[in-house]
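One structure below.
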Amino acid sequence: MTFNWITDKRKLYSNILKMLKPNGGFLATYVVAGKLGDIIKELRQIEKYAPYFTTNYQKKPNLTSQQEELRSLLKDIGFESVVCQVKTGRFDDYTKEDLEGFLISINPFKLPNHLQKEFISDHIDRADSVIDANGIRKYYLDHDLFVIHGRKRNST
């Protein structure tokens, strides 16, 4: 669930291939698009947060195109039996405190201490939510995941 933060995909997957034994495989998942990305795009436009964003978030990616590029890259590096699928998912059933903890744990942005709590609070204010049967607000974040599998060729 961290591959989305790594920009040099060729190096990433080349290193994975080097670590595998012949005929060994890997399975990885990572978020490629979703509500959290939409929230970040919105927050980066707010003047007090803008200086702390180093990644240029673009429009929602063309997932079909990205799948093909990744599949081609993995084959080019030397993987066989390559599978790259997009699966829709949801991080859900979060209380406000749960979502706050989740967002703190994955936040890659280096904001000054005086802005961090407000930044997380602004995320929560933009997250989707429902009221459950017990009257408790539960938050969720829809997303698209890449599910990737590849196998190292047998050296014989």
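For clarity, every value in this text was computed on a predicted model and none was experimentally measured.
Put simply, Phe109 and Ile106 are part of the same group of oily side chains (I, L, V, M, F, W, Y) that touch within less than 4.5 Å, one to the next. In this structure, Val82 is a member of the same hydrophobic cluster as Leu63, with clusters built from ILVMFWY side-chain heavy atoms closer than 4.5 Å. Leu20 and Val83 fall into different hydrophobic clusters, where Ile, Leu, Val, Met, Phe, Trp and Tyr are joined by side-chain heavy atoms under 4.5 Å apart, directly or via other members. Under a hydrophobic clustering in which Ile, Leu, Val, Met, Phe, Trp and Tyr are joined whenever their side-chain heavy atoms come within less than 4.5 Å, directly or via other members, Ile104 and Leu99 fall into the same cluster.
To the nearest 0.5 Å, atoms CG (Asp38) and NE2 (His143) are separated by 13.0 Å. Rounding to the nearest 0.5 Å gives a distance of 4.5 Å between OG1 of Thr88 and CG of Asp144. For the atom pair Ile77 CD1 and Lys18 NZ, the distance stands at 10.0 Å (nearest 0.5 Å). With rounding to the nearest 0.5 angstrom, the CD atom of Gln85 is 11.5 Å from the CG atom of Leu145. Annotation: the span from Lys41 atom NZ to Leu43 atom CG amounts to 12.5 Å, rounded to 0.5 Å. The structure places CG of Leu27 at 11.0 Å from CZ of Arg151, a figure rounded to the nearest 0.5 Å.
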Which is it for Leu73 and Arg10 under the side chain to side chain contact (heavy atoms under 4.5 Å, CB included) test, yes or no, and what are the steps along the way? CA-CA 7 Å; Leu73 174 66; Arg10 177 170 287 280; 3.4 Å; yes
Quick one: do Ile136 and Ile131 satisfy side chain to side chain contact (heavy atoms under 4.5 Å, CB included)? Show the steps, please. CA-CA 5 Å; Ile136 299 170; Ile131 304 296; over 6 Å; no
Taking it one step at a time, do Lys11 and Ile6 satisfy side chain to side chain contact (heavy atoms under 4.5 Å, CB included)? CA-CA 9 Å; Lys11 185 173 183 178; Ile6 300 171; over 6 Å; no
Working for side chain to side chain contact (heavy atoms under 4.5 Å, CB included), residues Leu141 and Ile39: CA-CA 10 Å; Leu141 299 166; Ile39 292 170; 4.2 Å; yes
Go through Glu42 and Arg126 one step at a time and tell me if the salt bridge (charged side-chain N to carboxylate O under 4.0 Å, His left out) criterion holds. CA-CA 9 Å; Glu42 186 178 333; Arg126 289 162 174 79; 2.8 Å; yes
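Each of Lys138, Arg137, Lys35 was checked for a salt bridge (Lys or Arg N to Asp or Glu O under 4.0 Å) with Asp128, and the lone residue meeting it is Lys35.
A perpendicular orientation is assigned to the rings of Tyr13 and Phe79, their planes being inclined by more than 60° (bins at 30° and 60°).
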Distance-only donor-acceptor hits, side chain of residues 111-122, under 3.5 Å, sequence neighbours excluded:
residue: Gln116; atom: NE2; partner: Leu111; partner atom: O; Å: 2.8
residue: Glu118; atom: OE2; partner: Lys48; partner atom: NZ; Å: 2.2
residue: Asp122; atom: OD2; partner: Tyr49; partner atom: OH; Å: 2.6

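Inter-residue side-chain proximity for Phe146 and Leu70 is flagged as met; some heavy-atom pair is nearer than 4.5 Å. Counting only heavy atoms from C-beta outward, the side chains of Phe91 and Val31 approach each other to under 4.5 Å.
Looking at every heavy atom in both residues, Leu103 comes nearest to Leu36 through CD2-CD1, 3.7 Å. The minimum heavy-atom distance linking Ile40 with His123 is given by the pair CG1-NE2, 3.8 Å. The two atoms that bring Thr95 and Tyr139 nearest to each other are C-CD1, 4.0 Å, heavy atoms only.
Judged purely by atom type and a 3.5 angstrom limit, Gln67 uses its side chain to pair as donor or acceptor with the backbone of Cys84. In this structure a side-chain-to-backbone donor-acceptor pair under 3.5 Å is present from Lys9 to Phe3.
In the model, Ser65 has a side-chain atom that pairs as donor or acceptor with a side-chain atom of Glu69 under 3.5 Å.
Ring pair Tyr94/Tyr140: centre-to-centre distance not below 6.0 Å.
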